[in-house]
Structure formats: C-alpha cells, structure tokens
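Remarks on the structure that follows.
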Amino acid sequence: QVQLQESGPGLVKPSQTLSLTCTVSGGSITTNYYYWSWIRQPPGKGLEWMGAIAYSGSTYYSPSLKSRTSISRDTSKNQFTLQLSSVTPEDTAVYYCAVGELLPSKYPERGDFGSWGQGTQVTVSS
C-alpha cells in the first residue's frame with residue numbers, strides 16, 4: 001500500500017514562502033492514472049484542496065490559491081513539493097498530501113483519496 005509522509009518547517013513568517021515535501025513509498029508518483037494532491041485544514045474548518053500534480057506531471061490548482069501555489073515533483077526521489085507564497089496567518093493549518101484517482105472538489109472528503117499522509121502543522125506567525 002502506498003504511504004505518504006509530509007515534511008517541512010512548522011513555523012513560517014508572514015510574507016514568506018511555505019515549502020512542504022511529500023515523500024511517497026510503496027508506489028511511484030508516475031504510475032497511471034493517479035493525482036497527487038495537497039490539502040489543508042485550518043483550525044476549526046473543513047478540508048480544502050489546494051492543488052495536485054498528475055502522474056504525467058501536469059499540475060492543477062484551486063482557483064482561489066492558484067496565484068500563490070506551485071506544485072512540482074522529483075521523480076528520482078519519488079517526492080512532490082508544495083510552495084505557497086506570500087503567506088499570512090490565515091494560511092495556518094494542518095497540511096496533508098494524498099493520492100487519488102480523480103481530481104477532487106475544492107472541499108473534499110477523506111474518502112476522495114486512497115491514501116493520506118499523517119499531516120503536518122504549519123503555523124504562520126512572526
């Protein structure tokens with residue numbers, strides 16, 4: 001079974017860029033026809049889909065975050081990475097990586113993905 005693990009700093013200052021990496025084991029990020037997503041959950045709120053990179057390398061972003069979000073991958077390391085620029089305290093959330101066979105809606109449910117990482121808390125504060 002595919003396993004995902006998020007890594008990155010837990011504290012980011014306002015206006016800086018948040019960078020997180022998802023390391024995948026038990027499967028390849030180039031395997032047809034999977035979508036590798038980043039999702040976040042702010043305190044007291046539901047899940048929000050941020051974007052995804054497909055098995056082909058194509059990227060897809062939530063319209064509300066598109067101007068600040070970049071997702072890339074390193075196939076040699078079987079990793080994909082999230083960068084979110086110009087962060088504010090409103091970007092404080094638990095950030096997850098996950099994999100699914102379809103692109104999800106903006107507010108997905110856990111069942112929309114086959115596997116999830118455990119999540120990593122990111123706090124935006126000076």
Does the side chain of T17 pick up a donor-acceptor pair with the side chain of Q83 at under 3.5 Å? no
Side chains of M50 and R40: closer than 4.5 Å at any heavy-atom pair?
-> yes
Between T30 and S28: side-chain donor-acceptor atoms closer than 3.5 Å:
yes
Pair W36-Y55, ring-ring contact (aromatic ring centres under 6.0 Å, His included): steps then yes or no:
CA-CA 8 Å; W36 304 86; Y55 58 95; over 10 Å; no
With sequence neighbours left out, the residues meeting salt bridge (charged side-chain N to carboxylate O under 4.0 Å, His left out) with E6 are none
- Decide whether a cation-pi geometry holds between R110 and Y96; the criteria are a distance under 6.0 Å from NZ or CZ to the six-membered ring centre and an angle within 45° of the ring axis. yes
Exercise. Side-chain contact test, heavy atoms from C-beta onward, threshold under 4.5 Å: evaluate it for F80 versus T23 and give yes or no.
Key: no
For L84 and V87, the nearest pair of non-hydrogen atoms, with its separation, is O-CG1, 3.4 Å
For the backbone of A54 and the side chain of S58, can you confirm whether one donor and one acceptor N or O come within less than 3.5 Å of each other? no
Distance-only donor-acceptor check, side chains S37 and W49, under 3.5 Å = yes
Q | Cluster overlap I53 with L20, hydrophobic side-chain contacts below 4.5 Å | A | yes
Q. Checking N78 side chain against I29 main chain: does a donor-acceptor pair fall under 3.5 Å?
A. yes
Fit a plane to each ring of W116 and F113, take the angle between them on a 0 to 90° scale, and name the class: parallel (under 30°), tilted (30 to 60°) or perpendicular (over 60°). perpendicular
So, Y33 side chain and L102 main chain: donor-acceptor pair closer than 3.5 Å or not?
no
